[in-house]
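Notes for the one structure printed next.
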Amino acid sequence: MERAVRRTTTLFKHVVCRLSMQMSLREYTAGIIVIGDEILKGQTTDTNSHFLCKHLFTLGVKVKKISVIGDDLEVIAKEVSEFSSKYTHVITSGGIGPTHDDKTFEGVAKAFGDVICPHPEIVELCKQFWGANLSSPKMKLAMIPKSARLEYGVNKKTGEKNKFPLVVVNNVYIFPGVPSLMERSFIALEDLFKNPDAHFYTEEIYVQQDEVSIAPILNEVDEEFKVDVTLGSYPDFHNNYYKVKLMLESSNPEQITKAATALKNKLPNVTKPSKLPIKESGCRMWVSESWVSEPPPPKSIVNYDSQPIVNAAERVYKLVESCSSDDVYGNNVQKAVSVLEECLQKYSLDEICIGFNGGKDCTALLHLYHAVVKRKYPGHQGKLKALYIKSKLPFPEVEKFTQISRDKYHLEMLHFEGRIKDSLGQLKANHPNIKAVIMGTRLTDPYSSHLEAFSMTDADWPQFMRVNPVLHWSYSHVWKFLRDLCLPYCSLYDRGYTSLGSMNNTHPNPLLQYVDEHGVLKYRPAYTLSDPTKERDGRN
C-alpha cells in the first residue's frame, strides 16, 4: 500500500513539474497593423508585414494576425485597442508623418483614452534635423500620445544609439511605413520583442515533385507528428530546382529530426541533376547520351542552397581550392577566378563593368565576379556596374530575369540599345572612367577563337579591355556551375531554349523535343543537351 502511494505521489510530482514547466514557457504573440489608404488602393506594395513576420518568428514570437486598414481615426483606435488586449506585442506600420492623413499617433492615443501633445525630446530632434519651428508641419512628428515612452535602439554594426526614437504606448510599437526606415528601426530594437523562453528549430526540405503527388505522404507524416511539429508545404511554380518547399517547425529538436527523417524515408529516392554522369572529350564535356534519350527521370529531394548569392564567395573558393589537377571543370573555374582577381588588381571597381544580358554564360560569370569581389572587398556595399545592351525584340522572360538579377546582385545597370559597337561608343562617352568590360565569351562563340583572357577591342572599335574569364569553358561547364551552386537562371532554358537571342531569331532547340505520355510535344531543359556543338541549333 505504501509503495503504491509513493508511486502515485512520484507520478503526481512529475505531472505537476511538467505542467509548471509548460506554464513557465509563455507564448509570445504579435499582431501587425498596416495603416495607409495607399495600401488598400493598391498604390503601394506592403513589404513591411513580410519582413516583420520573418524576423518575429526568429525571435520566438508568433504572429497571430495581420490587419490592413486605412487612414481613419476611429478604425485605427478600434483596431489598436482590440489587438492590444489580445497579443503580447502590437506593431503598427505607417500613418506617421507631417500630413493631414497621418493619424496613427492620434488613433493610438484614442485607443487608450489618451491625448497627444508635443514631446520635448522629439521637438528638439525636429529642430536639429529640419530646423522646424513649432508651427512647421514636420513638428507633427513630435505630437505623440502623452503616456508614450521613447525607445532609441542601437545600431548592431556601429554600436551607436539611433538618432530618432521609436514611440511606444503600452504594448503598441509605432513604426514608420517607409520600408527602409521601418526595417532599420526594427533591427535596432529587436531585443524588445525576443521571447527568452523560445527555442525554435526549423528544417527545410526541397522536393522536385508536385504537391498533389506527395500529399498522401505529407498527410501521413503530419498525422504522426502534429502534436510537436508543424509541417508546411509551399509550392513554387517558378523555381529552376524544386517544386515544393517543405518547412518543419518545432520547439523539440528530437521530434523535428524524427519528422524530417520520416519524410525523407517516405519520399522517393534522391536524384540530383548536378550529379549526372559526364563523359569527357578533350576540353569539352557533355551529359551522357543514355540519360537524355528520354525525359529526365522524376526527382525528389533536392540538395538546394536557398541563399546562393550570400554564400557565393565561400562556395566558389571552396570549389577552386578543392579541385584536382585532372579536373577539367574545376581548373577552368580556377582560371576564371584568377583572371577576375588579376582584373581587380589592374582596375578599380569604378573602372570595370560586366556585360550582362540575362543569358546563361553571363549569369555564371556575374556570380563568379560577385564572389571574387566579395572575397577581395568583403565590406563593399556599393553597386557593381553592368552593361546591358537591349536586343531588338527581347523576350519578356529575359527582361524580367535581368531585373531580378539587378536587384539580387546589387547592380547599377547601364542600359543601351542598338549594335554592340555603337553601344560601346555610348558607354565610352557617358562613362569615360570605365576601362574594362568583363565578358561571358567562350572560344566556341562566333568570331571568338582568337581571343585571350585580356584582349583590347579592335582598333576601329571604342577602346576597352575585354576581360574573358570563361573562354575555355564548355557548354556543360556552364550548366554544371549554375546548377551545382543552385543559381537562378532565365526560365526559357527550362523550356528547351539553349541559346538566347531576340524573339525573331530564337526558338527551342529541336534536339530537345519529346512527346509525353499524353501525346503532347514538349522540350527538355537546356542542361540536358547531349551534343554541345548543337547549342545554337535554336538560333536562325
Side-chain angles (χ1 to χ4, degrees), residues 22-23 25-96 101-114 145 148 151 166-179 181-183 185-187 189-200 202 222 226-234 245 247-251:
Q22 291 175 347
M23 291 175 66
L25 297 176
R26 179 187 170 194
E27 182 181 61
Y28 279 52
T29 60
I32 299 171
I33 305 174
V34 180
I35 302 168
D37 290 340
E38 68 276 11
I39 302 292
L40 294 174
K41 293 175 182 177
Q43 297 169 345
T44 301
T45 301
D46 166 44
T47 60
N48 289 340
S49 58
H50 173 264
F51 172 88
L52 290 168
C53 287
K54 184 177 179 180
H55 282 264
L56 287 168
F57 176 78
T58 64
L59 296 171
V61 180
K62 292 184 178 180
V63 175
K64 293 290 189 178
K65 188 174 181 179
I66 300 172
S67 177
V68 183
I69 59 177
D71 298 303
D72 184 293
L73 185 62
E74 297 297 329
V75 173
I76 294 172
K78 181 180 178 182
E79 202 79 345
V80 167
S81 177
E82 181 181 332
F83 273 48
S84 179
S85 64
K86 287 183 176 180
Y87 310 122
T88 311
H89 306 297
V90 180
I91 296 176
T92 72
S93 166
I96 57 176
D101 57 351
D102 293 313
K103 301 177 180 178
T104 300
F105 285 148
E106 294 176 78
V108 173
K110 188 176 181 67
F112 296 106
D114 201 355
E151 296 283 356
L166 181 77
V167 176
V168 184
V169 181
N170 292 336
N171 63 336
V172 181
Y173 301 81
I174 308 170
F175 283 89
V178 178
L181 298 178
M182 189 281 295
E183 292 173 12
S185 180
F186 182 87
I187 290 172
L189 292 159
E190 64 183 6
D191 290 343
L192 294 176
F193 305 96
K194 189 172 184 179
N195 179 355
D197 298 326
H199 297 283
F200 274 121
T202 64
D222 182 62
K226 64 183 180 181
V227 174
D228 298 297
V229 181
T230 300
L231 172 60
S233 176
Y234 308 100
K245 179 175 79 171
M247 172 70 83
L248 297 95
E249 303 167 359
S250 179
S251 58

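Start at 1 with the first residue, then count along the sequence. As the structure is a computational prediction, the values presented were derived from the model and not from experiment.
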Look up atom CG in N195 and atom OG1 in T29, then write down how far apart they are to the nearest 0.5 Å. 10.0 Å
Nearest-0.5 Å distance, OG1 of residue T58 to NZ of residue K194: 9.0 Å
Are Y173 and F186 close enough that their ring centres sit under 6.0 Å apart? no
If you round to the nearest 0.5 Å, how far is CG of L248 from CG of D228? 12.0 Å
Compare all side-chain heavy atoms of F51 with those of I187 and state whether any distance is below 4.5 angstrom. yes
With salt bridge (charged side-chain N to carboxylate O under 4.0 Å, His left out) as the rule and sequence neighbours excluded, what pairs involving residues 73-94 come up? E74-K110, E82-K86
Between S81 and A111, what is the shortest heavy-atom contact and its length? N-CB, 3.9 Å
Using a 3.5 Å distance criterion without hydrogens, assess whether the side chain of S84 forms a donor-acceptor pair with backbone atoms of N171. no
What is the distance from atom CG of L231 to atom OG of S250, rounded to the nearest 0.5 Å? 11.5 Å
Taking every non-hydrogen atom, the tightest pair across F83 and S67: CZ-CB, 3.7 Å
Output yes when a side-chain donor or acceptor of T88 lies under 3.5 Å from a complementary backbone atom of Y28, and no otherwise. no
Could you give the side-chain donor-acceptor pairs of residues 37-47 under 3.5 Å, partners two or more places apart or in another chain?
{"unit_1": "D37", "atom_1": "OD1", "unit_2": "D71", "atom_2": "N", "d": "2.9"}
{"unit_1": "D46", "atom_1": "OD1", "unit_2": "N48", "atom_2": "N", "d": "3.1"}
{"unit_1": "D46", "atom_1": "OD1", "unit_2": "S49", "atom_2": "N", "d": "3.3"}
{"unit_1": "D46", "atom_1": "OD2", "unit_2": "S49", "atom_2": "OG", "d": "2.5"}

Is the shortest heavy-atom distance from the side chain of I35 to the side chain of I69 under 4.5 Å? yes
Report yes if some heavy atom in the side chain of I91 is under 4.5 Å from a heavy atom in the side chain of L52; otherwise report no. yes
Closest non-hydrogen atoms of G107 and L73, given as atom of the first, atom of the second and distance, are N-CD1, 3.3 Å
To the nearest 0.5 Å, how far apart are CG in L59 and CG in L192? 10.0 Å
Determine the minimum heavy-atom distance between S93 and P176, stating which atoms define it. OG-O, 3.8 Å
Check the pair E249, F57 against side chain to side chain contact (heavy atoms under 4.5 Å, CB included), reporting the backbone distance first and the verdict last. CA-CA 10 Å; E249 303 167 359; F57 176 78; 3.8 Å; yes
Going from CZ on F105 to CD1 on I76, what distance comes out if it is rounded to the nearest 0.5 angstrom? 11.5 Å
Step by step, would you call F175 with I32 a side chain to side chain contact (heavy atoms under 4.5 Å, CB included)? CA-CA 11 Å; F175 283 89; I32 299 171; over 6 Å; no
Heavy atoms, side chains only, cut-off 4.5 Å: are F112 and V80 in contact? yes
If I compare all heavy atoms of N170 with all of V168, which pair ends up nearest, and what's the gap? O-CG1, 3.6 Å
